[in-house]
Amino acid sequence: MKNIVIFASGNGTNAQCIAEYFKDRNDVRIPLLLCNKKNAYVFERARNLGIPSRLVTREEFHSDSLTEELLRIPADLIVLAGFLWLVPEKMVRAFPKRIVNIHPALLPKYGGKGMYGDRVHEAVIEAKEKQSGITIHLIDEEYDKGTTLFQATCPVEVSDTPDSLAQKIHQLEHRHFPEVIDRYLNTL
Ligand code: GAR
């Protein structure tokens, strides 16, 4: 049995897709979802999916006790599904090559601190890029710098707005993220 712990910050569409993808599997389960935003819609999704979830404060996130709890579960893979805090070094060291993030652009461009959600799509459109996409990568101590596991692209049309581009990116994420996680889990 492999355990995936999900971290999210907001809406949670990726968390839901991952949970639905694995729901009939008896070799993978999601014992915990943690979110750092009090009223995030992802809590409602977790309730509907029957996944235990709770709020994580910044203090707890940086505490030894959270890393110890994740080691006790034990989390085979930590999935950052739209999670917007930098993972503390201690947690990265405790889970080497076992923390996966999804980024809504083609890294190494449009990554780094402050680059999340619509800000990424605004920057891509502003720069008149012809294509954007998603990057699924391992986390190391620096923002958006770990080994890339997977990228997929989509065209950016002149008529695209940050909202329409976000929709295209979400479609790519929902189609690929669960499968990439599944394939990666098999290598662990
Ligand atoms: C996703 O598009 C994800 O790529 C992005 O947040 C969104 C969360 O959507 N993550 C980042 O920007 C991380 N830098 P969701 O809550 O509906 O899954």
Side-chain angles (χ1 to χ4, degrees), residues 4-23 30 32-49 51 53-56 58 61 77-88 91-92 99-127 129 131-156 160-182 184:
I4 300 174
V5 172
I6 297 180
F7 282 77
S9 290
N11 190 352
T13 62
N14 279 287
Q16 178 163 347
C17 282
I18 296 162
E20 284 172 350
Y21 177 95
F22 288 107
K23 80 174 178 335
I30 303 169
L32 182 61
L33 181 148
L34 295 167
C35 174
N36 63 334
K37 292 261 167 61
K38 200 170 167 204
N39 295 315
Y41 189 66
V42 71
F43 284 118
E44 177 87 22
R45 294 184 194 271
R47 256 192 305 279
N48 293 337
L49 291 156
I51 298 173
S53 63
R54 70 162 200 270
L55 182 71
V56 64
R58 198 175 275 279
F61 189 55
L77 194 64
I78 295 170
V79 172
L80 310 181
F83 185 69
L84 304 181
W85 283 348
L86 180 62
V87 179
M91 198 181 285
V92 177
I99 308 178
V100 173
N101 182 46
I102 190 159
H103 187 77
L106 298 170
L107 293 175
K109 287 175 108 178
Y110 306 106
K113 201 166 170 29
M115 271 295 181
Y116 56 84
D118 278 352
R119 291 196 199 178
V120 176
H121 309 311
E122 278 160 18
V124 167
I125 288 172
E126 176 77 24
E129 295 284 358
Q131 66 170 13
S132 188
I134 61 169
T135 304
I136 298 169
H137 64 99
L138 298 178
I139 286 285
D140 60 20
E141 284 91 343
E142 272 188 274
Y143 257 104
D144 300 331
K145 291 275 175 66
T147 307
T148 294
L149 298 177
F150 178 87
Q151 286 189 310
T153 63
C154 64
V156 182
D160 267 321
T161 62
D163 272 357
S164 67
L165 183 54
Q167 277 181 30
K168 289 187 203 173
I169 295 291
H170 263 113
Q171 278 176 14
L172 281 182
E173 294 183 331
H174 299 163
R175 182 174 338 136
H176 295 291
F177 201 15
E179 279 177 21
V180 172
I181 291 168
D182 197 9
Y184 188 63

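We count ligands from 1, going down the list as the structure has it; atoms in each ligand are counted the same way. In this text the structure is predicted, and so the values were computed from the model without any measurement. These numbers come from the heavy atoms of this one structure, side chains and all, not from hydrogens, waters or symmetry mates.
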Criterion side-chain hydrogen bond (donor to acceptor under 3.5 Å, both in side chains) on Q171 and Q167, from CA distance to verdict | CA-CA 6 Å; Q171 278 176 14; Q167 277 181 30; 5.6 Å; no
So is [X] touching ligand 1 or not, going by heavy atoms under 4.0 Å?
X	value
M115	yes
G117	yes
V120	no

Aromatic ring proximity, centroids under 6.0 angstrom, F150 and Y184 | no
Please identify each residue that fulfils side-chain contact (heavy atoms from CB on, under 4.5 Å) with Y116, with sequence neighbours left out.
-> L84, R119
Got a sec, which residues hit side-chain contact (heavy atoms from CB on, under 4.5 Å) with E126, two or more places apart in sequence or on another chain?
-> none
Does G12 reach ligand 1 with a nitrogen or oxygen that is under 3.5 Å from one of the ligand's nitrogen or oxygen atoms?
-> yes
[X]: numbered ligand 1 atoms lying under 4.0 Å from its heavy atoms:
X	answer
G82	6 (O), 8 (C), 10 (N)
I102	4 (O), 10 (N), 13 (C)
N11	16 (O), 17 (O)

Quick check: does any side chain N or O of K168 sit under 3.5 Å from a backbone N or O of C154, one acting as donor and the other as acceptor?
-> no
For atom 9 (O) of ligand 1, state which one of H103, H174, H170 supplies the nearest heavy atom.
-> H170
Of the listed options (I18, N14, N101, I6), which comes nearest to atom 18 (O) of ligand 1 when hydrogens are ignored and any heavy atom counts?
-> N14
Where does the angle between the aromatic ring planes of H174 and H170 fall among parallel (under 30°), tilted (30 to 60°) and perpendicular (over 60°)?
-> tilted
Evaluate the criterion side-chain hydrogen bond (donor to acceptor under 3.5 Å, both in side chains) for residue pair E129 and Y110; output intermediate values, then yes/no.
-> CA-CA 11 Å; E129 295 284 358; Y110 306 106; 2.6 Å; yes
